[in-house]
Number of protein chains: 4
Amino acid sequence: MLDEIVAVIEQEMKRTQIKLLWGTANLFANKRFVNGASTSPNADVFAYSAAQVKKALEITHRLNGAGYVFWGGREGYETLLNTDMKLELDNFARFLHMAVDYAKEIGFLGQFYIEPKPKEPTKHQYDFDSATVISFLHQYGLDKDFKLNIETNHATLATHTMNHELRLAADNGFLGSIDANQGDLLLGWDTDQFPTSIVDATLVMYEVLRMGGFTTGGLNFDAKVRRASFTKDDLLIAHIAGMDTYAAGLRIAAKLWKDQVLETNLKQRYRSYTQGIGKDIVENKVGFKELSAYVMNKNTLEPNEPGKQEWLESIINQYMIG
Amino acid sequence: MLDEIVAVIEQEMKRTQIKLLWGTANLFANKRFVNGASTSPNADVFAYSAAQVKKALEITHRLNGAGYVFWGGREGYETLLNTDMKLELDNFARFLHMAVDYAKEIGFLGQFYIEPKPKEPTKHQYDFDSATVISFLHQYGLDKDFKLNIETNHATLATHTMNHELRLAADNGFLGSIDANQGDLLLGWDTDQFPTSIVDATLVMYEVLRMGGFTTGGLNFDAKVRRASFTKDDLLIAHIAGMDTYAAGLRIAAKLWKDQVLETNLKQRYRSYTQGIGKDIVENKVGFKELSAYVMNKNTLEPNEPGKQEWLESIINQYMIG
Amino acid sequence: MLDEIVAVIEQEMKRTQIKLLWGTANLFANKRFVNGASTSPNADVFAYSAAQVKKALEITHRLNGAGYVFWGGREGYETLLNTDMKLELDNFARFLHMAVDYAKEIGFLGQFYIEPKPKEPTKHQYDFDSATVISFLHQYGLDKDFKLNIETNHATLATHTMNHELRLAADNGFLGSIDANQGDLLLGWDTDQFPTSIVDATLVMYEVLRMGGFTTGGLNFDAKVRRASFTKDDLLIAHIAGMDTYAAGLRIAAKLWKDQVLETNLKQRYRSYTQGIGKDIVENKVGFKELSAYVMNKNTLEPNEPGKQEWLESIINQYMIG
Amino acid sequence: MLDEIVAVIEQEMKRTQIKLLWGTANLFANKRFVNGASTSPNADVFAYSAAQVKKALEITHRLNGAGYVFWGGREGYETLLNTDMKLELDNFARFLHMAVDYAKEIGFLGQFYIEPKPKEPTKHQYDFDSATVISFLHQYGLDKDFKLNIETNHATLATHTMNHELRLAADNGFLGSIDANQGDLLLGWDTDQFPTSIVDATLVMYEVLRMGGFTTGGLNFDAKVRRASFTKDDLLIAHIAGMDTYAAGLRIAAKLWKDQVLETNLKQRYRSYTQGIGKDIVENKVGFKELSAYVMNKNTLEPNEPGKQEWLESIINQYMIG
């Protein structure tokens with residue numbers, strides 16, 4: 001049955017030449033995942049999850065998927081009173097290692113991703129944010145095999161800006177793919193709205209350009225129309241609105257990048273580290289004693305550079321409405 | 001002048017036999033730290049901060065301080081538009097390495113701590129939460145030299161429970177010291193209230209008992225009386241209230257720990273990993289293929305253990321008002 | 001069919017002597033309420049809702065319900081871009097007037113309630129909080145016919161403490177009934193947890209005692225067990241835990257009230273309004289000129305009373321753990 | 001001394017022809033207002049505040065101020081445990097009546113405003129949001145004498161959109177003046193940033209156009225440069241950025257209004273209330289019985305109108321980047 005469905009999809013993909021960005025498995029909706037999947041206190045559920053992801057990997061491989069995403073909606077806890085967090089995290093890592101091993105075995109060369117989210121449906125999800133996931137990957141020796149699939153509304157639920165999450169991942173070589181949506185910052189849950197903020201899309205695309213473009217992954221609308229947008233027109237228009245938003249964002253970001261507006265300002269602002277004592281600092285040539293002596297011998301410190309935040313924000317506006 | 005003040009303090013400490021838990025330096029209030037201290041774009045400010053911490057370390061050493069804390073109120077950013085986050089984080093790590101080196105040089109053997117806080121005064125502070133700081137320490141080879149000084153109100157500002165922050169730190173060997181206060185979860189800033197929630201204090205002390213007690217550090221009231229509590233009586237009573245709260249919390253936690261209520265429940269809940277397929281999982285003897293075969297051969301999965309959250313919460317209550 | 005169900009319920013109520021606190025109708029889950037019920041832009045939906053509430057009132061009356069509650073989960077909006085808020089609020093009031101009229105017609109003498117909630121499922125719900133609902137009732141001449149049914153987790157979603165919502169309602173004669181549950185203040189959605197915080201229950205019961213006890217309504221658990229508490233035991237224990245919590249809260253509140261601890265402090269703190277210039281102020285005998293002259297003639301103002309917040313919080317603790 | 005300063009200001013105003021939008025008094029920073037000004041438990045502080053506002057009114061009058069604003073930073077409470085909320089609210093109303101009376105006496109015809117804010121510096125401020133203030137004004141018979149001065153960052157701290165606060169005030173005739181700034185929705189305190197979001201400014205100016213423009217008041221930057229924007233250039237640019245933002249917002253809003261894009265959609269969406277049963281509803285001609293009969297006689301309800309949220313958001317974008 002499943003194989004027949006996959007066969008139909010395979011044919012359709014051939015016909016339309018649409019390719020598969022990534023595959024994933026739903027390890028959270030069914031009741032058996034009530035306490036998590038690979039982090040379940042029930043070893044049988046761990047085993048079941050393994051079987052399910054095994055199958056999902058095989059299908060993804062068969063459909064030439066370019067990647068595979070883990071979003072751990074139940075991989076966390078409701079209360080620490082009943083949770084062995086250490087064992088659960090260890091098991092989570094074991095599970096991911098098994099996935100990597102099995103992918104190698106079947107020849108699946110796609111990129112693995114983890115999608116951070118701080119909470120919802122659980123009170124606490126282990127993949128809280130970029131920093132937490134990167135730390136986890138390093139700690140358990142998974143950093144070579146995984147990148148991040150970062151979602152805007154998950155970033156804001158973790159009280160981060162989306163560009164913070166992207167920057168942190170990119171700076172550490174973990175920015176893999178993006179779930180392009182937007183949340184409502186006055187609400188406390190994942191609204192998964194289609195992205196219509198051009199400024200936000202600009203900042204996202206700027207980070208992508210800054211890291212030299214995607215090497216894996218891409219933009220995926222993990223978005224749904226609002227409940228009241230129930231017509232086919234709404235569905236179509238929502239996708240168009242999202243694509244237009246990101247297209248506009250990319251054009252503005254490309255102009256900003258081409259003109260090196262932000263980068264030029266950065267160079268000026270941090271220039272003190274390219275010469276003199278600053279150069280010594282970044283080249284690890286000095287310690288507290290040398291720096292203390294340096295300061296004692298100076299009458300006045302070099303003045304601070306202003307942050308120019310309002311100017312920078314207005315520059316973005318000018319590039320946007322031209 | 002400074003040396004004279006230190007001499008007076010030294011004498012008083014001798015007289016009263018009060019010891020110094022940890023020293024620290026204020027690298028955030030003065031205008032020169034407008035863009036950070038060790039993460040300032042101004043190399044001179046980095047140097048100045050080095051001189052200041054050098055002096056603070058010397059004084060802490062002279063006063064036999066048991067530790068030294070870094071709280072980086074300005075070590076972060078106001079906007080990524082003007083920030084070279086990578087360079088700033090690298091410099092932050094350089095600074096901490098210099099501190100460690102200098103401590104060795106002067107023979108200061110106290111414990112170094114970083115105190116996480118997600119924001120305020122900055123929009124984003126690099127020491128966001130326990131996970132972020134632990135990741136940073138690992139990444140920059142500082143994990144042997146630093147532990148965490150965790151503050152309740154900083155935990156909640158990062159949308160974590162305090163016991164989550166403690167548990168994560170303890171499980172990884174980083175729980176060093178605690179700033180015992182409490183916030184107002186309906187407000188979005190650091191209120192630093194004296195702790196009066198006995199349930200919260202119980203959960204904090206439970207984590208401390210669970211890790212075998214403090215090996216360094218201790219409890220510090222990073223708390224202030226409310227603005228309207230301006231009398232000497234208020235100040236005294238606030239300290240008493242805080243101490244009583246933690247004393248009550250410790251007694252309840254000790255009883256809980258002695259009776260192993262939570263631990264016994266945990267053992268029951270996770271018992272499937274001590275035998276059969278679960279044992280094979282934690283001993284890394286199986287992979288996706290074995291687990292898939294195991295599941296296929298089984299008619300029904302073992303049932304899930306209930307979370308019993310309400311029962312556990314009511315148990316804490318019974319131990320409290322018993 | 002419906003009548004048969006009601007007949008069975010009626011018999012069971014007779015047999016068990018369990019009485020009906022209040023009735024209500026679900027005007028939010030069905031797709032037809034996608035844009036609201038009485039605030040729908042679709043007049044037919046308004047009409048349908050009227051028919052539904054008409055029937056619900058008849059059943060509530062037949063079952064001798066002591067009240068009827070409106071919780072307007074869809075009475076609000078997703079975006080102001082498509083919303084005629086004025087017309088929707090007018091229609092909401094029209095609907096409630098129709099309900100009052102029909103109740104009179106059928107002789108239903110039970111108390112009407114509105115249950116405030118700021119959001120979820122909608123972005124903005126018109127019954128935001130106590131203040132908003134009281135304002136609405138006054139503005140539309142519904143203040144004689146409605147009281148409030150206040151829920152803890154709805155209060156906290158509106159960033160209020162529960163006792164604030166209760167106090168405001170009680171002071172204005174609108175405190176009717178209480179949905180006793182609790183939320184998770186680190187999460188941004190309605191978790192509807194069974195109440196286990198004894199301190200919070202104490203503060204709730206204190207407000208009830210302060211207003212002289214319920215004259216209508218009562219305590220209702222609008223609570224559900226956590227997803228992982230899926231056994232019958234969990235369900236039973238959760239109800240017991242909730243009842244124990246409120247029983248403990250009531251006992252502590254009763255002791256506090258009997259000893260008049262808070263009230264005595266209040267009298268002392270506000271005593272300046274019972275004599276001299278303060279008395280003149282509350283008796284409306286003075287204006288800016290008299291008060292200005294009074295101040296000009298005084299050398300120093302009477303000192304302020306301290307707030308004693310920490311002392312008051314520790315008093316509650318002492319009454320709790322004795 | 002004060003009179004001399006006022007004389008200088010008076011001269012400068014004549015010379016520059018700059019007029020005074022509104023006056024106000026600082027009733028929150030000084031320690032005497034620790035427990036509030038007109039809501040202080042200390043009658044002498046009430047009297048002192050009266051004297052201060054009396055003077056402020058006289059100066060505002062002398063300078064031909066077009067209005068007078070009350071922002072009650074301390075008019076609220078830190079904890080209900082020590083607060084007689086009823087007396088404080090009554091006194092607050094008394095104070096405002098005195099102000100109105102005194103203004104009449106001296107012939108000051110300017111508009112009075114209250115500026116809502118939910119919290120900060122207090123835990124709870126009585127002027128929580130538009131709905132709360134409008135309710136208060138009605139309840140205490142102050143609705144003829146006061147309008148609202150609404151600030152963007154205060155709206156968002158109350159978890160409302162700014163346009164919600166404006167719409168509610170405008171619909172009820174209370175929209176007087178606007179504090180044009182913006183907050184950071186990922187932070188929980190009042191950042192008072194210069195407004196640079198063109199979309200937000202568009203929605204603000206749309207509400208102003210919708211109500212027919214300001215009849216009193218205007219736009220005021222209650223904004224400050226970020227701490228790191230410490231140069232004169234920053235200060236100048238921040239003001240320019242704010243003005244450009246609102247100028248752009250006004251132009252876009254004016255085009256939207258001229259084309260009646262939103263209004264045309266509204267008319268279509270709510271057309272069911274202009275005829276048939278809908279018309280009967282808004283003309284109060286029907287009750288539950290008639291509506292129930294109407295529904296029973298209908299086979300199917302008229303279909304719901306979709307919300308078209310994504311389309312409307314993309315329309316705003318098109319008007320913005322055209």
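So that the names make sense, note that chain A is the first sequence line, chain B the second, and so on, each numbered from 1.
- Shortest non-hydrogen contact noted between B:Tyr77 and A:His164 is OH-ND1, 2.7 Å.
- Interface remark: A:Ser40 contributes backbone and side-chain atoms alike to the contact with chain B (heavy atom separation under 4.5 Å).
- Using a 4.5 Å cut-off between heavy atoms, B:Thr83 contacts chain A through both its backbone and its side chain.
- Contact tally against chain A (heavy-atom pairs below 4.5 Å) for B:Ile277, B:Val45, B:Leu89, B:Leu87: the top residue is B:Leu87.
- In terms of heavy-atom pairs under 4.5 Å with chain A, the best-connected choice from B:Glu263, B:Lys86, B:His124, B:Glu78 is B:His124.
- A:Asn42 places a side-chain N or O within 3.5 Å of a backbone atom of B:Glu302 that can act as its donor or acceptor partner.
- The most heavy-atom pairs under 4.5 Å with chain A, out of B:Ala50, B:Ser49, B:Gly287, B:Pro303, come from B:Ala50.
- Side-chain atoms of A:Asn35 come within 3.5 Å of backbone N or O of B:Glu305 as a donor-acceptor pair.
- Minimum interatomic distance between A:Lys123 and B:Thr161 (heavy atoms only, all atoms of both residues): CE-CG2, 3.7 Å.
- Between the side chain of A:Arg269 and the backbone N or O of B:Asn82, at least one donor-acceptor pair lies under 3.5 Å.
- When the candidates B:Asp84, B:Asp101, B:Ile134 are compared by the number of heavy-atom contacts under 4.5 Å with chain A, B:Asp84 comes out ahead.
- In terms of heavy-atom pairs under 4.5 angstrom with chain B, the leader among A:Asn91, A:Leu57, A:Leu168 is A:Asn91.
- Heavy-atom distances place no part of A:Arg271 under 4.5 Å from chain B, backbone and side chain included.
- Here B:Tyr48 and A:Tyr294 keep their ring centres 6.0 angstrom or further from each other.
- Judged by distance alone, the side chain of B:Thr159 and the main-chain N or O of A:Ala158 form no donor-acceptor pair under 3.5 Å.
- What you find for B:Ala131 and A:Thr132 is that their closest heavy atoms are CB-OG1, 3.7 Å.
- Using a 4.5 Å cut-off between heavy atoms, A:Asn163 touches chain B through backbone and side chain atoms alike.
- Checking side-chain atoms of B:Arg94 against main-chain N and O of A:Val282 turns up a donor-acceptor pair under 3.5 Å.
- Both the backbone and the side chain of A:Arg167 have a heavy atom closer than 4.5 Å to some heavy atom of chain B.
- There is no contact between A:Gln52 and chain B, counting heavy-atom distances below 4.5 Å.
- Contact detail for A:Lys289 and B:Tyr102: the closest heavy-atom pair is CG-CE1, 3.7 Å.
- When the candidates A:Leu80, A:Val295, A:Leu262 are compared by the number of heavy-atom contacts under 4.5 Å with chain B, A:Leu80 comes out ahead.
- With a threshold of 4.5 angstrom between heavy atoms, A:Lys55 does not approach chain B through any atom at all.
- When ring centroids are compared, A:His138 and B:His138 stay outside the 6.0 Å threshold.
- With a 4.5 angstrom heavy-atom cutoff, B:His160 touches chain A only via side-chain atoms.
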Start with the C-alpha gap between A:His97 and B:Asn284, add the side-chain angles, then the distance that decides, and say whether side chain to side chain contact (heavy atoms under 4.5 Å, CB included) holds.
-> CA-CA 10 Å; A:His97 272 295; B:Asn284 303 311; over 6 Å; no
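- For B:Ser130, no part sits under 4.5 Å from any heavy atom of chain A, backbone or side chain.
- Proximity to chain B involves both the backbone and the side chain of A:Val53, based on heavy atoms less than 4.5 angstrom apart.
- Side chain of A:Asn304 to main chain of B:Arg32: a donor-acceptor pair is present (N/O by atom type, distance under 3.5 Å, no hydrogens or angles).
- Of the atoms belonging to A:Phe128, it is side-chain heavy atoms, and not backbone ones, that fall under 4.5 Å from chain B.
- When all heavy atoms are compared, the tightest approach of B:Val286 to A:Met98 is O-CE, 3.2 Å.
- Residue contact with chain B, scored on non-hydrogen atoms closer than 4.5 Å, is absent for A:Pro118.
- If you measure heavy-atom distances from A:Asn172 to chain B, the contacts under 4.5 Å come from the side chain alone.
- A:Glu290 does not touch chain B: none of its heavy atoms, backbone or side chain, sits under 4.5 Å away.
- Ring planes of B:Phe46 and A:Tyr273: perpendicular class, angle over 60° (limits at 30 and 60°).
- Of the listed residues (A:Ile281, A:Leu266, A:Thr79), the greatest number of heavy-atom pairs within a distance under 4.5 Å of chain B belongs to A:Ile281.
- With chain A as the partner, the residue from B:Gly276, B:Ser292, B:Pro41 showing the most heavy-atom pairs under 4.5 Å is B:Pro41.
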Decide yes or no on side chain to side chain contact (heavy atoms under 4.5 Å, CB included) for B:Leu81 and A:Ile316, but give the supporting numbers first.
-> CA-CA 10 Å; B:Leu81 294 177; A:Ile316 309 271; 4.1 Å; yes
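- For A:Leu203, the part sitting under 4.5 Å from any heavy atom of chain B is the side chain, from C-beta outward, and nothing else.
- Both the backbone and the side chain of A:Ala99 come within contact range of chain B, each with at least one heavy atom under 4.5 Å from a heavy atom of that chain.
- Within the 4.5 angstrom heavy-atom criterion, atoms from both the backbone and the side chain of B:Leu312 approach chain A.
- Heavy atoms of B:Asp90 lying under 4.5 Å from chain A are absent altogether.
- In this structure, A:Lys298 NZ and B:Asp44 CG are separated by 3.5 Å, a value rounded to the nearest 0.5 Å.
- Residue A:Gln139 touches chain B through its side chain alone, counting heavy-atom pairs closer than 4.5 Å.
- Heavy-atom distances place no part of B:Lys279 under 4.5 Å from chain A, backbone and side chain included.
- Counting heavy-atom pairs closer than 4.5 Å to chain A, the top-ranked of the candidates B:Ala51, B:Ala293, B:Ala43, B:Gly307 is B:Ala43.
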